[in-house]
Amino acid sequence: MITNEFWLDRWKAGQIGFHKDDINPKLIEFWPTLAKGSRVLVPLCGKSNDMIWLAEQGYQVTGVELSSLAVVQFLGDNDFTYETHHEGDLKIHTVNDLPLRIVEGDYFHFTETDFDACYDRAAMVAMPDSKRADYVRHTQARLSPSAWVLLIGLHYDGNQQGPPFSVQNDAIRAMWGDRIQKIASENLALTHERYQERGHKVFEESVWRISPLHQ
Ligand SMILES: C[S@@+](CC[C@H](N)C(=O)[O-])C[C@H]1O[C@@H](n2cnc3c(N)ncnc32)[C@H](O)[C@@H]1O
């Protein structure tokens with residue numbers, strides 16, 4: 001069972017193989033150019049430096065993360081100074097020198113709305129089947145009707161247990177709606193030996209985007 005405790009334990013044990021220090025190349029390649037000051041939501045953000053890249057582009061970035069360890073490491077590793085205030089059971093950490101906030105708490109308790117864009121890397125695929133559709137609905141409810149979404153999905157063969165979970169293309173379309181489009185994909189099993197060693201012939205990482213209707 002993938003519970004909140006599961007994730008808190010992963011952070012305590014340092015089992016965070018999902019974390020990459022480098023900025024995700026797919027973010028740099030596929031992120032749309034938005035107006036400066038656009039509000040960008042990063043659900044289940046971990047301690048991803050992708051948030052710093054987004055903030056440096058001039059967006060107002062809000063990451064949401066359950067684990068206080070992840071938050072402390074993110075703020076500490078980057079030598080950020082910040083202010084903290086409480087809203088209900090969420091702690092909001094506002095970084096001083098960048099337009100960046102980290103909301104510490106359960107994403108399903110986070111109810112702000114009107115974000116202009118969302119960046120999902122290793123968030124939807126971190127959700128078990130039983131919660132994934134709720135995660136997508138909760139995310140959609142946070143976004144303005146004309147919001148962009150950039151999502152990195154995974155689809156693999158075999159009987160590996162997640163996270164990350166394998167999510168079929170059709171399931172992504174069913175949850176996110178007709179406007180989501182697959183804009184790139186790479187079978188990592190062809191290019192990275194470690195996926196073959198784990199028995200995969202297919203380990204497809206795909207990039208999906210929702211563009212606003214007027215684009
Ligand atoms: C696979 S990691 C991905 C982190 C980040 N997106 C990245 O690319 O490195 C999933 C993260 O979601 C967090 N998480 C899981 N369930 C959550 C929830 N209900 N609310 C907030 N964060 C959650 C975990 O603690 C973990 O840091």
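Atoms within each ligand, like the ligands themselves, are counted from 1 in listed order.
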- Item | Options Phe18, Phe74, Phe6, ranked by nearest heavy atom to atom 2 (S) of ligand 1, top entry | Phe18
- For ligand 1, note which part of Pro164 has a heavy atom under 4.0 Å away: side chain, backbone, both or neither. neither
- Query: Non-hydrogen atoms of Cys45 versus ligand 1: any pair closer than 4.0 Å?
  - Reply: yes
- Query: Have Glu87 and His85 got a donor and an acceptor in their side chains that come within less than 3.5 Å?
  - Reply: yes
- ligand 1 contacted by Phe110 (non-hydrogen, < 4.0 Å): no
- Query: Between Trp7 and ligand 1, which part of the residue brings a heavy atom under 4.0 Å of the ligand: side chain, backbone, both or neither?
  - Reply: side chain
- Give a yes-or-no answer on whether the side chains of Asn4 and Asp106 include a donor-acceptor pair shorter than 3.5 Å. yes
- Close N or O approach (Ala123, ligand 1; < 3.5 Å): no
- Task: Before signing off on this row, confirm whether Ser67 and ligand 1 have an N or O atom pair separated by under 3.5 Å.
- Result: no
- Message: I'd like to know if Glu204 pairs up with Lys182 as an ion pair, taking the criterion as any Lys NZ or Arg NE/NH1/NH2 lying under 4.0 Å from an Asp or Glu carboxylate oxygen.
- Response: yes
- Task: Could you say whether the N/O atoms of Ser48 and ligand 1 ever approach to under 3.5 Å?
- Result: no
- Query: Is Tyr107 close to ligand 1, meaning an N/O of one under 3.5 Å from an N/O of the other?
  - Reply: yes
- Message: Ignoring hydrogens and geometry beyond distance, is a side-chain donor-acceptor pair present between Thr113 and Arg142 at under 3.5 Å?
- Response: no
- Backbone, side chain, both or neither: what part of Asn4 comes under 4.0 angstrom of ligand 1, heavy atoms only? side chain
- Pick, from His138, Arg10, Met51, Arg121, the option with the minimum heavy-atom distance to atom 7 (C) of ligand 1. Arg121
- Any idea how Tyr119 and Trp31 line up, ring-wise: parallel (<30°), tilted (30 to 60°), or perpendicular (>60°)? perpendicular
- With distance as the sole criterion, is a donor-acceptor pair present between the side chains of Asn96 and Thr81 under 3.5 Å? yes
- Query: Just checking, is any N or O donor in the side chain of Asn169 or His155 under 3.5 Å from an acceptor N or O on the other one?
  - Reply: no
